[in-house]
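Read the numbers this way: they start at 1 and go in the same order the structure lists the ligands and their atoms. For reference, positions follow the sequence shown, starting with 1.
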Amino acid sequence: MSQLADREQSQPEPLKIPVHIGIIMDGNGRWARARRLPRQAGHRAGTENLRRIIEACADLGVRILTVYAFSTENWGRPESEVQGLLNILEHVIDRELADLHAQGVQLRHIGVLEALSDNLQNKVRGAIELTQSNQRLVLNIAWNYGGRQEIVEAVRRIVSTGISPDEITEATIDRFLFTAGLPDPDLIIRTSGEMRVSNFMIWQGAYSEYYVTPTFWPSFNRAELEKAIAVFSQRERRFGLAPDQT
Ligand code: FPP
């Protein structure tokens, strides 16, 4: 074997960077409990970590990051925790928006905003409008989001347009989801070790690659993100086809 061929053989495969990563940011409560801190301290540490992961994703060339921040089921948590999470959302918009905008982050939201106060709805809408032309990274925040609720909403809106049943295709459903216009996530990461989808992007994740790490979300750092991407790079994505067809 020539030296060049030898060298080429020993070169590691370049990483495949996912276009769209979804993250189920789990484990804030357990991170806090392990440090004898209140749960809200875990959510605050999780929010700080999100800043680091946004920067790492943008730096690595990920185009879209969807984070599961508040599910439709999270309303059932103690009122003080729900209020604490709403305060975090407001705090992020008040204190971090200018920085995110300067970094070229485009903010989007999936879920039902109408459940929030008028003031918070206006802030979220203002943030989306301000950043709508940014191109470095789309940060899609799932807030008051549930995959089943998203599909119910889509069906309602499809029916109300009067489309005939035989005209409805998968592409029709895609167009009526909160994520309309965005590609499906290539990689969905769940922190804290739970092997559950928890109602996150259940339509869009049909062919996503899943990666679960035992690390709690506040400790999920850039090295862990790179490891998840390296594992993703090694996966053979066949989308239901036979090996020789892909
Ligand atoms: C799950 O951990 C985490 C949440 C329900 C909240 C995640 C929210 C953030 C990190 C804030 C992000 C903020 C914005 C504005 C995007 P858990 O509380 O269920 O943890 P546990 O399972 O260990 O109790």
D186 side chain reached by E209 side chain, heavy atoms, under 4.5 Å: no

Taking [atom] as the reference point, the nearest protein heavy atom with its distance:
atom: atom 4 (C) of ligand 1; value: H43 CE1, 3.9 Å
atom: atom 10 (C) of ligand 1; value: N28 ND2, 3.5 Å
atom: atom 11 (C) of ligand 1; value: T47 OG1, 3.4 Å
atom: atom 6 (C) of ligand 1; value: A69 O, 3.4 Å
atom: atom 13 (C) of ligand 1; value: I88 CG2, 3.8 Å

Electrostatic pair [X]-[Y], nearest N-O below 4.0 angstrom:
X: R51; Y: D99; result: yes
X: D59; Y: R222; result: yes
X: R30; Y: E194; result: yes
X: E150; Y: R156; result: no

Main-chain N/O of [Y] paired to [X] side chain as donor or acceptor, under 3.5 Å:
X: N199; Y: R148; value: yes
X: T213; Y: T215; value: yes
X: H109; Y: A142; value: no

Judged by non-hydrogen atoms, does S192 sit under 4.0 Å from ligand 1? no

Using heavy-atom distances, let me know which of M25, R51, E81, E96 sits nearest atom 9 (C) of ligand 1. M25

Nearest heavy atom to atom 24 (O) of ligand 1 wins, so pick from H109, R39, E48. R39

With heavy atoms of [X] as the reference, note each atom of ligand 1 found under 4.0 Å away.
X: R30; value: 21 (P), 22 (O), 23 (O)
X: G29; value: 17 (P), 18 (O), 20 (O), 21 (P), 23 (O), 24 (O)
X: N74; value: 5 (C)
X: L89; value: 15 (C)

For P218 against R52, the heavy-atom pair lying closest together: O-NH2, 3.8 Å

Could you check, using the six-membered ring where one of them is a Trp, whether W75 and F70 have ring centers closer than 6.0 angstrom? yes

Examine R77 against ligand 1 and note whether any of their N/O atoms are separated by less than 3.5 Å. yes

Do Y68 and ligand 1 have an N or O pair less than 3.5 Å apart? no

Which one holds for L50 and ligand 1: side chain close, backbone close, both close, or neither close, with close meaning a heavy atom under 4.0 Å? side chain

